[in-house]
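Everything on this sheet refers to the single structure shown next.
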Amino acid sequence: MGVSAHIVVVGAGIVGAATALALAERGFAVTLLDRAAPGSAVSGASLACLGTHQNSEVELPQLIWATRRWAEWDQRFTGAFHYRRCGQIRFIDHAADISTAEHWIALERAAGLSAQLLNLDEVRRIEPALTGPILAASWSPDDALVNPFLSVRTLLRAAVEAGARFLGHQPAQRIDCQGDRVTGVTTPDGRIDANTVVVTGGPWTAGLLAPMGIELPIVPRKAQCLATVAQPPTIRGVVGASKSEQGGVHGGYTQIQQSEAGQILFNTVLAGGESAPGSPDRVPQVDLPFVVDSATTLMRLFPGLRHVDLLRSWVRYEAVTPDDRFIIGPVGPTGLYVGAGDNGTGFLRAPVIAEIIASAIAGTRCAVDPSPYDPARFAPKVALQ
Ligand SMILES: Cc1cc2nc3c(=O)[nH]c(=O)nc-3n(C[C@H](O)[C@H](O)[C@H](O)COP(=O)(O)OP(=O)(O)OC[C@H]3O[C@@H](n4cnc5c(N)ncnc54)[C@H](O)[C@@H]3O)c2cc1C
């Protein structure tokens, strides 16, 4: 394929914006579509922690590459998305969990990162308001935060400056094929011809590909978050629970951080309390048990925040795969690629997805190993129409 080939990227979340940028920078003619505004789905609702710590053993090299790319983007776009290398603390409540934390720390240090175990004095030096009854914590100074809206907008603007075209409020209704080749995308305003189509549609991806006879195991999962009214500077970095077999907050998921505007942003999903899958088109209310669990965790860790008022809550749908890894690469007819299945930490991974897809389309060497994300691991069922 020559560099003038026309590519349509469907979905302008962080993954689609990063992919459009990577393709436009390689000289391809790119059109990026979104059914709504850019970043208006899960990407804009993200807590956007770029955290390698206790994240994924299999993907550690790719995650390290991604964090470096984010830091390069911060330099290149001169702070446009408010990148802040604030570090991440993972608190430990049970003595039995210290060895699990040590396992992750050893893995990460062997890969060149600086994770370490902290005693309580050290925790309080790093995060003085974290005075709740914890035992110890692990600490990763490498982890960072970005502003999610500004990140999508910055990458999108850079893609447009590199020659891409963006069409908002323009849903891809159908991916068109002739024989075993992709030929374009149908939208309400007509057809866009293309010999390559990349679907970065988050939880909508499987639904868009299903009419083509392509079955991808991506299901939507409810992701919820709460915010308090603005507070004076209280929480310096990202606070989460260290991984553990003990259940409760350690066996589930928790993340607490403070926004630049001062709001405390937080969510806790206890082990076994995961929300049922739903339709990404019907955004529901937050669950009451989620509010109770999240507020309980926040007040236990940060007793000084006990009397702070809640300001707002929100829910979006993440895209979940059976092994918690993205599906990235070619599927079905020639010219069709997919980059979806974020599993709740896709913000960090966006540059990896963009690199894998852009290098595959360009036929150039990929800077990261794409094999953990190969669509073939699920043997996607393809019945061409
Ligand atoms: C509360 C919360 C906290 C989070 N915290 C973190 C975190 O700390 N770190 C982290 O790495 N990740 C985090 N995540 C997850 C992260 O935000 C997602 O993994 C990431 O944003 C996924 O990006 P995406 O581009 O794949 O999906 P999306 O943002 O869902 O983008 C898909 C886009 O495709 C568009 N689209 C769909 N169908 C069509 C169609 N037919 N035609 C045109 N457009 C279409 C949609 O409108 C949407 O804009 C969090 C998420 C939430 C909700």
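When a ligand or atom number is given, it counts from 1 through the structure's own listing order. Just so you know, residue 1 is the first one in the sequence shown, and it goes up from there.
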*Could you please provide the protein residues found below 4.0 Å of ligand 1 on a heavy-atom basis, arranged by chain and number?*
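Answer by chain and number: Val10, Gly11, Ala12, Gly13, Ile14, Val15, Leu33, Asp34, Arg35, Ala41, Val42, Ser43, Ala45, Ser46, Leu47, Ala48, Cys49, Gln170, Pro171, Ala172, Thr200, Gly201, Gly202, Pro203, Trp204, Ala223, Cys225, Gln255, Asn267, Glu318, Asp342, Gly344, Thr345, Gly346, Phe347, Leu348.
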_Co-members of Tyr317 in a cluster of I, L, V, M, F, W and Y side chains, linked at under 4.5 Å_ =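 Its cluster mates, by chain and number: none.
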*asked:* Just to verify, what does Arg35 make a salt bridge (charged side-chain N to carboxylate O under 4.0 Å, His left out) with, not counting sequence neighbours?
replied: Asp281
*When you check the side-chain N and O atoms of Gln75 and Tyr83, is any donor under 3.5 Å from an acceptor?*
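There is no such pair (donor and acceptor under 3.5 Å, judged by atom type) between the side chains of Gln75 and Tyr83.
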*Polar contact flag, side-chain donor to acceptor under 3.5 angstrom, Asp34-Gln170*: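 No, no side-chain donor-acceptor pair sits under 3.5 Å.
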*Keeping to residues at least two apart or across chains, list the side-chain hydrogen bond (donor to acceptor under 3.5 Å, both in side chains) pairs with something in residues 119-137.*
none
*asked:* I need the Phe28 CZ to Thr196 OG1 distance, nearest 0.5 Å.
replied: 7.5 Å
